[in-house]
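Report on the structure given below.
For the numbers below, each heavy atom of this structure counts, side chains included, while hydrogens, waters and symmetry mates do not. Nothing here was measured: the structure is a model prediction, and the numbers come from that model.
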Amino acid sequence: LEGERVGVHPLRWNPCAAREGDEAELQRLAALLADAHAVINLAGESIAGGRLDAEHRRRVLQSRLDSTETLAAAVRRAETEGQPPPVFFQ
């Protein structure tokens, strides 16, 4: 975990873990999320990364779906580790 402010813990993670079936990453995230107060998900392809043609829109959407699916799977697993986060900001 990184972060200088108390209670703020940005971290590196694989937003595609659920789609890729990366159980180890999902368990790692679950352990980090157990007893957390909130999850704030800012992951995803940048909309400023070029023209919003069909391919770019597809990448933006898929990146948002992947990160949300991975965090939701980790939160479900966190229920067995402790109290899952009651707040999820997207």
Side-chain angles (χ1 to χ4, degrees):
L1 294 175
E2 303 167 10
E4 295 179 15
R5 293 180 294 195
V6 173
V8 176
H9 303 287
L11 57 105
R12 296 191 188 278
W13 58 292
N14 176 6
C16 299
R19 179 170 44 86
E20 295 171 353
D22 187 346
E23 289 297 323
E25 176 70 351
L26 292 173
Q27 280 304 119
R28 184 183 78 86
L29 287 172
L32 292 170
L33 295 176
D35 300 319
H37 297 287
V39 172
I40 301 171
N41 180 22
L42 302 176
E45 179 89 16
S46 172
I47 62 170
R51 288 184 60 114
L52 279 177
D53 58 14
E55 176 59 20
H56 189 188
R57 285 194 305 272
R58 185 199 65 72
R59 286 193 321 269
V60 168
L61 176 61
Q62 190 61 54
S63 70
R64 303 302 194 275
L65 294 172
D66 284 343
S67 65
T68 301
E69 181 182 355
T70 294
L71 287 173
V75 166
R76 284 191 298 273
R77 284 169 174 75
E79 292 174 348
T80 65
E81 304 279 334
Q83 182 65 31
V87 178
F88 191 114
F89 288 105
Q90 184 70 10

Side chain to side chain donor-acceptor pair (under 3.5 Å) filter on E20, not counting sequence neighbours, yields N14
Do the side chains of L11 and R28 get nearer than 4.5 Å, heavy atoms only?
yes
CZ/R59 to CZ/R57 distance, rounded to the nearest 0.5 angstrom?
11.0 Å
Side chains of R51 and H56: closer than 4.5 Å at any heavy-atom pair?
no
Got a second to check how far R77's CZ is from L29's CG, nearest 0.5 Å?
10.0 Å
T70 versus C16, closest heavy-atom pair with distance:
OG1-C, 3.8 Å
Show every donor-acceptor pair shorter than 3.5 Å between a side-chain atom in residues 82-90 and any protein atom, with sequence neighbours excluded, or say none if there are none.
from: Q90; atom 1: OE1; to: N41; atom 2: ND2; distance (Å): 3.0
from: Q90; atom 1: OE1; to: T68; atom 2: OG1; distance (Å): 3.4
from: Q90; atom 1: NE2; to: T68; atom 2: OG1; distance (Å): 2.7

Tell me every residue that passes salt bridge (Lys or Arg N to Asp or Glu O under 4.0 Å) with R19, counting only those two or more places apart in sequence or in another chain.
D66
Which distance, rounded to the nearest 0.5 Å, do you find between the CZ of R76 and the CG of L33?
12.0 Å
With clusters built from Ile, Leu, Val, Met, Phe, Trp and Tyr whose side-chain heavy atoms come within less than 4.5 Å, directly or transitively, what are the remaining members of the cluster of L26, listed by chain and number?
none
Who clusters with L61? Use side-chain heavy atoms, under 4.5 angstrom, across I, L, V, M, F, W and Y, and order the result by chain and number.
L65
Would you list the atom pairs, donor with acceptor, under 3.5 Å between side chains in residues 42-49 and any protein atom, with sequence neighbours excluded?
from: S46; atom 1: OG; to: A48; atom 2: N; distance (Å): 3.0

